Student: 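Attaching a single structure in structure tokens format; questions to follow.
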Amino acid sequence: MFETEQNAIETRIQAFCKENDIPLAALEWKPLPFSGEWGMSTSFFSTAAAESRLGKKIGVATRAQEIASQVKAQLSDVPGIRRVEAVMGYLNLYYDTQEFTRRVVDSVLDKKDRFGSGPATGQLVMIEFSQPNTHKAFHVGHLRGTILGDALCRILEFAGNDIVRANYPGDMGMHVIKWLWGYLKFHNGEEPATDITRWMGEVYAEAAHRIEQDPTFEAELRALYARWDQRDPEIVALWERTRAWSMEGFRQIYAALDVRFDVYYFNSQEEKPGKEMVEDLVRRGIATDDRPNGGAVIVKIDEVLALNKDQYRTAVVLRSDGTALYATEDLALTLHKFRDYPHLAKSVYVVDVRQSLHFTQVFKILEIAGYTQAQKCSHVPYELVTLPGNVVVSSREGTVVLLEDLLREATSRAREEAKKKNPNLTADQLDSVSKAVGLGALKYPILARENTKMVTFDWQTALDFNGQAAPYIQYAHVRCNSILKKAGVDPANLPHSQFANSLEPAEVELIDWLSRFPAEVQRSAAEYKPLVIASIAYDIARAFAGFYDACPVVQAAPDVRDARLRLVAAVKIVLANALSLLGITAPDVM
RNA sequence: GCCCCUGUAGCUCAACGGACAGAGCACCUGCCUUCUAAGCAGUAGGUUGUGGGUUCGAAUCCCGCCAGGGGCGCCA
């Protein structure tokens, strides 16, 4: 927001230090940590420490303060900077209040839903996420990867990148065979009505249970697997038909979650090309074929790299019976993506943390094989969602909270709350409010957590609509809207934001948070952390709640009123932008 | 045995190597003829697991240890 001033100041500081033989360290600017005034600050500790190492006999803190004072004397008249102070080794530059306020608020109102977005990088980034298994349930365990991946797509796109949203359903493997077996044996001819994914999950759970109960079914299962493997037309047809059911179920779930994809890759498509790649790796001596000795095809990565330690370990890339495993398919998939999108700058895999070694191995093997694309690939790991008592969600164990149930519960709970809080809502409004609030309450706690931290799911927390949660932020947005509606004017038509010199502390803090939003978007994208956005969205909402309480808008004196109306309009925009990056709707009423 | 993640208020979590470590929940005390109280203000709560090291400065970086979780050739 004050780049021009910052550059001018840096130039002067550099010139001063050069004249006086001061070994200036790189200047790092940060916002002033004090409340009540705006500005930027830098310090001279590193510079003083550098001098000290060169033999200067003076305390670093003392010297830093000395330099700061001298530098301060050089900066008496920078336009836009109202005051400069040197304190405790820091150089603090205070912005002109009116100027800063005007720049922030006008910038938001000018850029609207693009405020906070970064300049186009021209980079194409693929983000693969969600990866549900067909023929299985979709439960809270899948929620995190889906929500996280979606938010990352939104954030990286807003930060200036072009995004390809990719999904990679697991549509083959033993779980599918179990399902088909259970269907043929106990549900033959049935078709799902509503709640497709729930029904698919039930058929799977029943099959898995029966097989566990009665080991004699194993033979039937193996026979079925063989028919599948030989592409028995009847089985393939059934597989395709039932897979379509799952995909339709997923489509409904993604629609309910407000998540979309640009491209689907299927596990089954990568099987053949994966096997061919493994053959190639064997021919080139990278992979070792132990099948003649009853073993599998493996890549002894550490050995190939001549490392004397267990780092990449050994990866199995093909089973001893010649069938493909996940690694086989991921080798092919990685290249497949670059064939489809040759200009990919990055290929990101949002997958849970347990597969870290797997991806390290896949990318390393590709690198060894000379595929430079591998260097553009990265795994963004996230921790699991567990149930209270550290119980891992498992479709087989029946320890499952189905997403359908969760969504339904959250929405109906939100509806009850909305009815209670605001009886004036129309039926349509009630519908959209309960959807927005229920879904937001579900997404926010997941996104407001470090990716690598475990989330323990419990109903009470998930459905708690108070405090640091999405509804609090949405409510702030609603309040902005109420004020604007009540005022009955379009802030865009009001004169430019002329704030008085003496702003209320609540106004100062609020404007401060707004000004930080663009930088936080960049940080969130660079670090793949939606948490950064979740935090600042809450901070803005909290600052607004304080402002709302302390600063009347509609009833204020005309000049104050106009300025505050523009501020409120700006807050509404930034809140909506931030929530949108999290995949959360900002309602106008609730 | 090797590798990765985590350890901060009673609980759940924040804090780009910098100025007094901050929120929410829970507890207690106030605030609705006002722009919706899904809110606000206030009280209280900490040797940042532990011992060293680097640095002018460490919750943050490095090493050891302790505790919890995860991963380590044919699961996905």
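What you see below is based on every heavy atom in this structure, not just the backbone, and it leaves out hydrogens, waters and symmetry mates. Chain naming here is simple, since letters A, B, ... match the order of the sequence lines and numbering starts at 1 in each. Since this is a predicted model, take the numbers as computed values, not measurements.
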Student: Taking the P atom in each of B:G70 and B:C62, what is the distance between them to the nearest angstrom?
Tutor: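 To the nearest whole Å, 24 Å.
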Student: A:D289 has an atom CG; how far is it from atom P of B:C74, in whole Å?
Tutor: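 It is 16 Å, rounded to the nearest whole Å.
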Student: Could you please name the partner base of B:C65, counting Watson-Crick and G-U wobble pairs only when both distances are under 3.5 Å?
Tutor: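 Matched B:C65 with B:G49 under the 3.5 Å cut-off.
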Student: Give one of base, sugar-phosphate or nothing for A:G488, where a contact means two heavy atoms less than 4.0 Å apart.
Tutor: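 The answer is nothing, as A:G488 stays clear of every strand by at least 4.0 Å.
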Student: Side chain of A:V60, heavy atoms from C-beta onward: which of B:A19, B:G7, B:C56 has the nearest atom to it?
Tutor: B:C56
Student: Syn or anti: how is B:G71 classified when any glycosidic angle within 90° of 0 counts as syn?
Tutor: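 The base of B:G71 is oriented anti (glycosidic angle more than 90° from 0).
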Student: Check the distance between B:C35's P and A:D588's CG and give it to me in whole angstrom.
Tutor: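 A:D588 atom CG is separated from B:C35 atom P by 19 Å.
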Student: Using a strict cut-off of less than 4.0 Å between a Lys/Arg side-chain nitrogen and an Asp/Glu carboxylate oxygen, indicate whether A:E218 and A:K178 qualify as a salt bridge.
Tutor: no
Student: Check every strand shown and say whether A:S52 touches a base, only sugar-phosphate, or nothing at a heavy-atom separation below 4.0 Å.
Tutor: nothing
Student: Can you figure out which of B:G39, B:G73, B:U12 approaches the side chain of A:R449 most closely?
Tutor: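 My answer, after comparing the listed nucleotides, is B:U12.
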Student: Starting at atom CG of A:D539, determine the distance to atom C1' of B:A23, rounded to an integer number of angstrom.
Tutor: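 Rounding to the nearest Å, CG of A:D539 and C1' of B:A23 are 8 Å apart.
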Student: Considering every strand and a 4.0 Å limit on heavy-atom distances, what is the contact class for A:H358: base, sugar-phosphate, or nothing?
Tutor: base
Student: Given B:G73, B:A15, B:A37, identify the nucleotide with an atom nearest to the side chain of A:I298.
Tutor: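 Nucleotide nearest to A:I298's side chain: B:G73.
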Student: Checking understanding here: a glycosidic angle within 90° of 0 is syn, the rest anti, so what is B:C28?
Tutor: anti
Student: Base of B:C2, side chain of A:R313 - is there a donor-acceptor contact under 3.5 Å?
Tutor: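 It does, because a donor-acceptor pair links the side chain of A:R313 to the base of B:C2 below 3.5 Å.
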Student: If you check every side-chain atom of A:S320, which of B:A37, B:A19, B:C74 has the closest atom?
Tutor: B:C74
Student: By the 4.0 Å heavy-atom rule, please label A:A48 as base, sugar-phosphate, or nothing.
Tutor: nothing
Student: B:A76, OP1 or OP2 - any side-chain N/O from A:Y326 closer than 4.0 Å?
Tutor: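 Result: no.
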Student: The side chain of A:A418 lies closest to which of these nucleotides: B:A38, B:C35, B:U6?
Tutor: B:A38
Student: When all nucleic acid strands are considered with a 4.0 Å heavy-atom cut-off, which category describes A:Y538: base, sugar-phosphate, or nothing?
Tutor: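 Sugar-phosphate only.
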Student: A:Y472 OH to B:A14 P: how many Å, rounded?
Tutor: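 Rounding to the nearest Å, OH of A:Y472 and P of B:A14 are 19 Å apart.
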Student: Looking for any heavy atom pair under 4.0 Å, which part of the strands does A:P445 touch: base, sugar-phosphate only, or nothing?
Tutor: nothing
Student: From B:A76, B:A14, B:A19, pick the nucleotide closest to the side chain of A:R319?
Tutor: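 For A:R319, the side-chain atoms sit closest to B:A76.
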Student: Could you check which nucleotide pairs with B:C20 in any of the strands shown, counting Watson-Crick or G-U wobble with both distances under 3.5 Å?
Tutor: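 Here B:C20 is not engaged in any pair, so there is no nucleotide opposite it.
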Student: For a quick check, tell me whether the side chain of A:S41 and the base of B:A19 share a donor-acceptor pair closer than 3.5 Å.
Tutor: yes
Student: Nearest-nucleotide wise, let me know which of A:A296 and A:N92 is further upstream toward the 5' end of RNA chain B.
Tutor: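 First, find each residue's nearest nucleotide; the 5'-ward one identifies A:N92.
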Student: For the pair made of NZ in A:K453 and C1' in B:U8, what is the distance, rounded to whole Å?
Tutor: 8 Å
Student: Is any NZ, NE, NH1 or NH2 atom of the basic residue among A:E416 and A:R413 found under 4.0 Å from an Asp or Glu carboxylate oxygen of the other?
Tutor: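 Salt bridge absent between A:E416 and A:R413.
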Student: With respect to the phosphate group of B:U34, does any side-chain polar atom (N or O) of A:Y548 fall under 4.0 Å of OP1 or OP2?
Tutor: no
Student: Counting the atoms with a prime plus P, OP1 and OP2 as sugar-phosphate, which does A:V554 contact under 4.0 Å by heavy atoms, base, sugar-phosphate, or nothing?
Tutor: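 Answer is base: heavy atoms of A:V554 come under 4.0 Å of a base.
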Student: Roughly how many Å apart are B:A9 and B:A15, using the P atom of each and rounding to a whole number?
Tutor: 15 Å
Student: What's A:G295 touching, base or sugar-phosphate or nothing? Going by heavy atoms closer than 4.0 Å.
Tutor: base
Student: So which nucleotide does B:A41 pair with, by the Watson-Crick or G-U wobble rule with both distances under 3.5 Å?
Tutor: B:U29
Student: Thinking salt bridges, do A:E85 and A:R83 make one under a 4.0 Å N-O criterion?
Tutor: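 So A:E85 pairs with A:R83 through a salt bridge.
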Student: Who is the Watson-Crick or G-U wobble partner of B:A9, with both distances under 3.5 Å?
Tutor: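 No nucleotide pairs with B:A9.
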Student: Out of B:C35, B:A14, B:U36, which has the shortest distance to the side chain of A:M590?
Tutor: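 Per side-chain heavy atoms of A:M590, the pick is B:U36.
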Student: Under the 3.5 angstrom rule, does the side chain of A:Q474 hit a backbone N or O of A:T585 as a donor-acceptor pair?
Tutor: yes
Student: Give a yes or no on whether A:E279 atom CD has more than 12 heavy-atom contacts from other residues, nucleotides or ligands under 6.0 Å away.
Tutor: yes
Student: Take atom CD of A:Q355 and atom P of B:A76, then tell me their distance rounded to the nearest Å.
Tutor: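 My rounded result for the distance is 10 Å.
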Student: What's the gap between B:G7 and B:A26 when it is taken at their C1' atoms, as a whole Å value?
Tutor: 22 Å
Student: Between A:R564 and A:E507 (salt bridge meaning N to carboxylate O under 4.0 Å), is one present in this structure?
Tutor: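 Yes, A:R564 and A:E507 are salt-bridged.
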Student: Picking from B:C74, B:C35, B:G24, which would you name as closest to the side chain of A:L325?
Tutor: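 The answer is B:C74.
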Student: Under 4.0 angstrom, heavy atoms only, what part of the nucleic acid is A:E527 near: base, sugar-phosphate, or nothing?
Tutor: nothing
Student: As a test of reading the structure: which of B:U34, B:C40, B:A37 is closest to the side chain of A:D549, going by heavy atoms?
Tutor: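 Ranking B:U34, B:C40, B:A37 by closest atom to the A:D549 side chain puts B:C40 first.
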Student: Roughly how many Å is it from CG in A:N422 to P in B:U36, rounded to a whole number?
Tutor: 9 Å
Student: In whole Å, measure the gap between the C1' atoms of B:G57 and B:A41 for me.
Tutor: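 Nearest-Å result for B:G57 against B:A41 at atom C1': 36 Å.
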Student: Has A:N167 got a side-chain atom pairing as donor or acceptor with A:Q131's backbone, closer than 3.5 angstrom?
Tutor: yes
Student: Expressed in angstrom and rounded to an integer, what is the separation of A:Q361 atom CD from B:G73 atom P?
Tutor: 9 Å
Student: Does B:G73 have a Watson-Crick or wobble partner in any strand here, with both distances under 3.5 angstrom, and which is it?
Tutor: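 Its partner is none (no Watson-Crick or G-U wobble pair with both distances under 3.5 Å).
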Student: With rounding to whole Å, what would you report as the distance between B:A59 and B:C16 at their C1' atoms?
Tutor: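 So the two C1' atoms sit 14 Å from each other.
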Student: Would you indicate what A:R291 reaches in the nucleic acid, counting non-hydrogen atoms under 4.0 angstrom: base, sugar-phosphate, or nothing?
Tutor: nothing
Student: Using the C1' atom as the reference point in each nucleotide, state the distance between B:C61 and B:U55 in Å, no decimals.
Tutor: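 B:C61 and B:U55 have their C1' atoms separated by 10 Å.
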Student: So, A:D352 and A:R144, do they make that salt bridge, N to O below 4.0 Å?
Tutor: no
Student: Is any side-chain N or O of A:R354 closer than 4.0 Å to OP1 or OP2 of B:C72?
Tutor: no
Student: Ion pair present between A:D321 and A:R319, side-chain N to carboxylate O less than 4.0 angstrom?
Tutor: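 Salt bridge flag = no for A:R319 with A:D321.
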Student: Give A:V478 one of three labels, base, sugar-phosphate or nothing, depending on what nucleic acid heavy atoms sit under 4.0 Å from its own.
Tutor: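 Base, at least one base atom sits under 4.0 Å.
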Student: Considering only side-chain heavy atoms of A:K30, which listed nucleotide, B:C16, B:A23, B:A38, is closest?
Tutor: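 Nearest listed nucleotide: B:C16.
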Student: B:A58 and B:G52: how far apart are their C1' atoms, nearest whole angstrom?
Tutor: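 Going atom to atom, C1' in each nucleotide, I get 14 Å.
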Student: If we take the P atom in both B:U43 and B:A21, what is their distance in whole Å?
Tutor: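 Approximately 16 Å lies between the P atom of B:U43 and that of B:A21.
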Student: Under 4.0 Å, heavy atoms only, any strand: does A:S356 hit a base, just the sugar-phosphate, or nothing?
Tutor: nothing
Student: Only one of A:T134, A:V176, A:N133 clears side chain to side chain contact (heavy atoms under 4.5 Å, CB included) with A:D171; which?
Tutor: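 When A:T134, A:V176, A:N133 are each tested with A:D171, the side chain to side chain contact (heavy atoms under 4.5 Å, CB included) holds only for A:T134.
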Student: What's A:V589 touching, base or sugar-phosphate or nothing? Going by heavy atoms closer than 4.0 Å.
Tutor: base
Student: Looking only at side-chain N and O atoms, does A:K421 come under 4.0 Å of OP1 or OP2 in B:U36?
Tutor: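 It does not, given that no N or O in the side chain of A:K421 lies less than 4.0 Å from OP1 or OP2 of B:U36.
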Student: Specify the residue among A:L318 and A:L32 whose closest nucleotide of RNA chain B lies further upstream toward the 5′ end.
Tutor: A:L32
